[in-house]
Peer 1: 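Sharing a structure, written as structure tokens. Questions coming.
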Amino acid sequence: MDAIEAELTRLTSKSNLSKALTNIDGCLELLQAARNQIAEDPDSAAKTLAMLQQTMNSQLEKVGSDHKDVYTGLNKFGKALDKKFKSASAYHSPRHDNIANKQPELHRAVAMHLMREGHFSVASHLLDEATGAGHPIAVPPSLEEDFRTLYSILDSLSGHDLNPAIEWAHSRAHDLEHRGSNLEFELCRLKFITLFLDALETGPEEAMQFARTEFHRFQQRHFRDCLQLFLAFTYRAGIAGMMTGKNQPKDVVNPAPYPYYNLFQNVEERWENIGKMFTSEYCGLLGLSAESPLFLAVTAGSVALPVLEKLRRITEDKGTEWTSHGELPVEIPLPSPRYHFHSIFVCPVSKGQTTEDNPPMILPCGHVIAKESLDQLAKGNSANAHLKCPYCPKECTLGSAMQVII
Amino acid sequence: MSSSTTRLDAESHALLDEPLLRLPHEMLRKTFKTAQKHYEREQSHAMTTIKEAARSASKRPSNDAATPALKSLDALISRMQGYKRKVEVLHEEEKILHGHTRKRIAHLQDLYKIPSANGLVDPAYDEWSKARLDRLLVDLLLRSGYVDTAKEFVEEKQIGELVDVNVFVQCARIERSLREGKTTAECLAWCTENKQSLRKQKSKLEFELRLQQFIELVRDLRHKDAMAHSKKFLVPHSEAHFDDIKTAAGLLAVLPTTQCPRYQALYSADRWQKLADIFVSTHHSLYGLPQRPLISTALSSGLSALKTPSCHSKVVSSSANSASSTHSLCPICSTELNELAAGTEVPYAHHARSSVKNDPVMLPNGRIYGRDEIELLASKLDLRAGWIRDPTTGEEFEANKMRKVYIM
């Protein structure tokens, strides 16, 4: 990249048309001078023009060599690009594009991504333009509204206003509970912490009032957490002192001599996390992943492409092709856990991944193998056909194996 | 565990972005060629004019020579000024392109600045990759002809220096003139503009356009004009396209209503679509642009890298579904990508080893989870002691019905 940058610097500082322009000015000066000379002394016309013929010729040649300079500079820049991107064209081969026939689905993914990222105007522009071109994009009708709501709540959150978020979480309390989510409690806890801290100088009334009206909902599920928050009132003065820095703890090893002080630390971090948590739960309830799938997939693709290109080169050199239909022939290493989602089951007998048609089966001993492997191990195909577990001495019947869902 | 890496290979990442630098370079070359053409024309004109003026001045008596000399010098000066203005315009274009290139190199350098060891999980890489996605989105929008959307997005993201809107706008205009307008003029003008490069590429675009003009003349029953056109524009291509010219000549004897497939194909309106396709493909290779939108290539690989057999199964997977807040939904299962990733043309990722949650347990309904996940959920839900809940189906079971599972 540095070599390319150096060539660019040559272009911007030297090999560009600015020198040609200067020398064109020189041409103009010569012409103008000759003109003035003839105007002043008409008798000198022939002589002046003969002179001009020579001077102009060499001046124009300068302009020509300025052009050559630009040409050379561009060529060198081009060579630097060639060197850097020697094998790039293979990456752009249509062979790596398996979704060329899925334009509608691709455009839909793009439109949904734009909405998810909050580019509502761009997204609706896209829908209009696509409809105008005769390729309407079908996105879920309520999606824009859903994401608009999300963004307005996130906006309030970044302005440290929790009320819209709490209101939303409360209205979806049942669904959230079903997901095992603590979102509503976390929001209320943060609100309490904010009120508590805001009122350290004045008085605890507001925080207390909030706790009284809201916390009863969480008494059962979050009894201990609520208790902690309530008990913090008893240490208000001490916590206030530490917060304002007037009463810094001397003991560095144990910086929180006041119980519950840590509840009130790292509040900024809590604000940041609550936004992420809210987005994740909100998208979860919409049946969507928390991060843009388009972003994740394109990023994963940029990691995968070099591997796939290498594979293509090797198989092409050997004149072979991969045979396992519907499955990539090589593993693509991606960062874990961010790019790993589903659990994977690879049958230890057949070494193949299980699929819908060949699901994982558990034997009574607790070992799991693929259904096809199981059928091959069994002597016969009736439910009471016997087989021995390949991994322990236990024996069982075909019928006692049970399908599992990973 | 299935294999995992966090190493960022900036070198191979950058390869994907070749067009980012290639395109401004091609544009610079084009600017240079225009400048060179102007120069050659002006140089020869200036020298001939001065030579001519000098010759005629030397022939005339000296008191009579000044007036015509001044006249031709004045003309030359104003023409030279016109030339200068043209070069100034080109120099401005050049400066803009240099600026774009500078910005783009800096953008790619940002990638090299990320320490490669844990590069893929570095927040800086995320940011870079987001910027890349924005660029790729604009590329797709432009290639799809959604120019206004693309422009608005570019404006919102402030990425004008990293994308090439104008090139695509021009391309889309000419493409439309073929596809919808069914006219050759704009595209032929473009061919003339890029004559040299097209010749170097051995492009058949111009011939196909001329052939189309011939076909249209025959369709209008203007056979004489068609023959003249053929002599003038098709015959020069006879070396490379002799067979096509022969077939075209046969067209003179056949009416548009013909049933003969060979001539039907020539008369067919589909030929305009084909011409548009040839133009776009020629245009892109001339500018060093990939034939397929980059996002399509990247996405195709990415879908495969993330796809698992569970993603399109009728049975909802026990992991990475949207039913529980203990995990995030798999992006391939999410509505955005699910259909796009469906079918065997998008192969699923290969894994050589199982990867399941620690300490896997099976619930009575056959679903397998990590023990931690189940216990965490039970405590969050504050279930009755000794009970658990299936995070996917919501069924509740007695905890002692969990069975240990051995995944080899």
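The sequence lines fix the lettering, A, B, ..., with proteins before strands; numbering per chain opens at 1.
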Peer 1: Can B:Thr297 and A:His92 be said to form a side-chain hydrogen bond (donor to acceptor under 3.5 Å, both in side chains), step by step?
Peer 2: CA-CA 7 Å; B:Thr297 314; A:His92 304 138; over 6 Å; no
Peer 1: Do A:Glu61 and B:Gln43 get their side chains close enough for a donor-acceptor pair, meaning under 3.5 Å?
Peer 2: no
Peer 1: Within the supplied structure, the quantity of interest is the number of heavy atoms (other residues, nucleotides, ligands) at a distance under 6.0 Å from A:Met51 CE; does it exceed 12?
Peer 2: no
Peer 1: Please look at B:Val87 and chain A and tell me whether the side chain, the backbone, both or neither of the residue comes under 4.5 angstrom of a heavy atom of that chain.
Peer 2: both
Peer 1: Looking only at atom types and distance, does a side-chain atom of B:Arg60 sit under 3.5 Å from a main-chain N or O of A:Ala46, one as donor and one as acceptor?
Peer 2: no
Peer 1: Counting only non-hydrogen atoms closer than 4.5 Å, does B:Lys95 touch chain A with its backbone (N, CA, C, O), its side chain (CB onward), both, or neither?
Peer 2: neither
Peer 1: Measure distances from B:Glu155 to the heavy atoms of chain A and classify the residue's part below 4.5 Å as side chain, backbone, both or neither.
Peer 2: neither
Peer 1: Within the supplied structure, the quantity of interest is the number of heavy atoms (other residues, nucleotides, ligands) at a distance under 6.0 Å from A:Lys47 NZ; does it exceed 12?
Peer 2: no
Peer 1: Please check if the side chain of B:Lys380 supplies one atom and the backbone of A:Arg179 the other of a donor-acceptor pair under 3.5 Å.
Peer 2: no
Peer 1: Taking B:Ser12 for the side chain and A:Pro306 for the main chain, is one N or O donor matched with an acceptor at less than 3.5 Å?
Peer 2: no
Peer 1: Atom NE2 in A:His367, atom OH in B:Tyr406: separation rounded to 0.5 Å?
Peer 2: 7.0 Å
Peer 1: Are any side-chain N or O atoms of B:Arg292 and backbone N or O atoms of A:Arg95, one a donor and one an acceptor, separated by less than 3.5 Å?
Peer 2: no
Peer 1: What's the spacing between A:Ser289 OG and B:His327 NE2 if we round to 0.5 Å?
Peer 2: 12.0 Å
Peer 1: Of the non-hydrogen atoms in A:Pro333 and B:Thr5, which two are nearest, and what is the gap between them?
Peer 2: O-CG2, 3.2 Å
Peer 1: Should B:Asp126 and A:Phe295 count as side-chain neighbours, where that means a heavy-atom distance under 4.5 Å?
Peer 2: yes
Peer 1: Can you list the steps and then say if A:Ile406 with B:Ser318 is a side chain to side chain contact (heavy atoms under 4.5 Å, CB included)?
Peer 2: CA-CA 5 Å; A:Ile406 297 266; B:Ser318 301; 5.9 Å; no
Peer 1: Donor-acceptor check, side chain of B:Ser334 to backbone of A:Leu288, threshold 3.5 angstrom: yes or no?
Peer 2: no
Peer 1: List for me each residue that meets side chain to side chain donor-acceptor pair (under 3.5 Å) alongside A:Asn57, sequence neighbours excluded, and say none if there are none.
Peer 2: none
Peer 1: Non-hydrogen atoms of chain A under 4.5 Å away: do they reach the side chain of B:Arg403, the backbone, both or neither?
Peer 2: side chain
Peer 1: Could you tell me which portion of A:Ala50 (side chain, backbone, both or neither) has an atom closer than 4.5 angstrom to a non-hydrogen atom of chain B?
Peer 2: backbone
Peer 1: Between A:His125 and B:Phe153, is the gap from one ring center to the other below 6.0 Å?
Peer 2: no
Peer 1: Parallel, tilted or perpendicular for B:His25 and A:Phe77, by the 30°/60° rule?
Peer 2: tilted
Peer 1: Side chains of B:Val405 and A:Val404, heavy atoms from C-beta outward: is any pair under 4.5 Å?
Peer 2: no
Peer 1: Output the distance between atom OH (B:Tyr83) and atom CD1 (A:Ile24), rounded to the nearest 0.5 Å.
Peer 2: 4.0 Å
Peer 1: Between A:Phe341 and B:Ser328, what is the shortest heavy-atom contact and its length?
Peer 2: CD2-O, 4.1 Å
Peer 1: Identify which part of B:Leu76 has an atom lying under 4.5 Å from any heavy atom of chain A, answering side chain, backbone, both or neither.
Peer 2: both
Peer 1: Which atoms of B:Leu90 are under 4.5 Å from chain A, going by heavy atoms: the side chain, the backbone, both sets, or neither?
Peer 2: both
Peer 1: Carefully, step by step, assess A:Lys84 and B:Glu18 under the rule salt bridge (Lys or Arg N to Asp or Glu O under 4.0 Å).
Peer 2: CA-CA 9 Å; A:Lys84 178 85 191 168; B:Glu18 182 197 17; over 6 Å; no
Peer 1: Using non-hydrogen atoms and a 4.5 Å limit, figure out which bit of B:Tyr369 sits close to chain A: side chain, backbone, both or neither.
Peer 2: neither
Peer 1: Quick check: do B:Asn338 and A:Glu105 have side-chain heavy atoms less than 4.5 Å from each other?
Peer 2: no
Peer 1: Decide yes or no for B:Leu21 and A:Phe85: does some side-chain heavy atom of the first lie under 4.5 Å from some side-chain heavy atom of the second?
Peer 2: yes
Peer 1: Strictly under 6.0 Å, is that where the ring centroids of B:Phe32 and A:Tyr71 end up?
Peer 2: yes
Peer 1: What part of B:Leu16 gets within 4.5 angstrom of chain A, counting heavy atoms only: side chain, backbone, both, or neither?
Peer 2: both
Peer 1: Under 4.5 Å from any heavy atom of chain A, what part of B:Arg55 do you find: side chain, backbone, both or neither?
Peer 2: neither
Peer 1: In terms of heavy-atom proximity below 4.5 Å to chain A, should B:Glu156 be classed as side chain, backbone, both, or neither?
Peer 2: side chain
Peer 1: For the residue pair A:Ala88 and B:Leu15, what are the closest heavy atoms and their distance?
Peer 2: CB-O, 3.5 Å
Peer 1: Need one label for A:Glu309: side chain, backbone, both or neither, based on atoms under 4.5 Å from any heavy atom in chain B.
Peer 2: neither
Peer 1: For B:Leu376, is it the side chain, the backbone, both, or neither that has a heavy atom closer than 4.5 Å to a heavy atom of chain A?
Peer 2: neither
Peer 1: Could you tell me which portion of B:Leu329 (side chain, backbone, both or neither) has an atom closer than 4.5 angstrom to a non-hydrogen atom of chain A?
Peer 2: both
Peer 1: Please state whether the side chain, the backbone, both or neither of A:Glu281 comes within less than 4.5 Å of a heavy atom of chain B.
Peer 2: side chain
Peer 1: Looking only at side chains, do B:His350 and A:Glu331 share a donor and an acceptor under 3.5 Å apart?
Peer 2: no
Peer 1: Chain A heavy atoms under 4.5 Å from B:His13: which part of the residue, side chain, backbone, both or neither?
Peer 2: side chain
Peer 1: Give, for atom NZ of B:Lys404 and atom SG of A:Cys365, the distance between the pair rounded to the nearest 0.5 Å.
Peer 2: 13.0 Å
Peer 1: How about A:Asp128 and B:Thr149: do any of their side-chain heavy atoms sit closer than 4.5 Å?
Peer 2: no
Peer 1: Can you name the nearest heavy-atom pair linking A:Glu177 to B:Arg389, along with the distance?
Peer 2: OE1-NH1, 3.9 Å
Peer 1: Go through the atoms of B:Leu133 and report whether side chain, backbone, both or neither lie under 4.5 Å from a heavy atom of chain A.
Peer 2: side chain
Peer 1: Less than 4.5 Å to any heavy atom of chain B: does that hold for the side chain of A:Val330, its backbone, both, or neither?
Peer 2: backbone
Peer 1: Do you know which of B:Asn118, B:Asn321, B:Asp74, B:Val315 has the most heavy-atom pairs under 4.5 Å to chain A?
Peer 2: B:Asp74
Peer 1: Report yes if the side chains of A:His119 and B:Glu152 come closer than 4.5 Å at any heavy-atom pair, otherwise no.
Peer 2: no
Peer 1: With salt bridge (charged side-chain N to carboxylate O under 4.0 Å, His left out) as the rule and sequence neighbours excluded, what pairs involving residues 310-321 of chain B come up?
Peer 2: A:Glu356-B:Lys314
Peer 1: Check whether any side-chain heavy atom of B:Arg132 lies under 4.5 Å from a side-chain heavy atom of A:Thr299, and answer yes or no.
Peer 2: yes
Peer 1: How long is the straight-line distance from CG of A:Asn16 back to NE2 of B:His98, given to the nearest 0.5 Å?
Peer 2: 6.0 Å
Peer 1: With rounding to the nearest 0.5 Å, note down the distance linking OG in B:Ser301 to CG in A:Asn98.
Peer 2: 7.5 Å
Peer 1: Between B:Ser296 and A:Asp97, does any side-chain donor sit less than 3.5 Å from a side-chain acceptor?
Peer 2: yes
Peer 1: Is B:Glu336 close to A:Leu294 at the side-chain level, that is, under 4.5 Å between some pair of heavy atoms?
Peer 2: no
Peer 1: Here's a test for you: under side-chain contact (heavy atoms from CB on, under 4.5 Å), which of A:Ile99, A:Leu308, A:Leu106 qualifies with B:Ser300?
Peer 2: A:Ile99
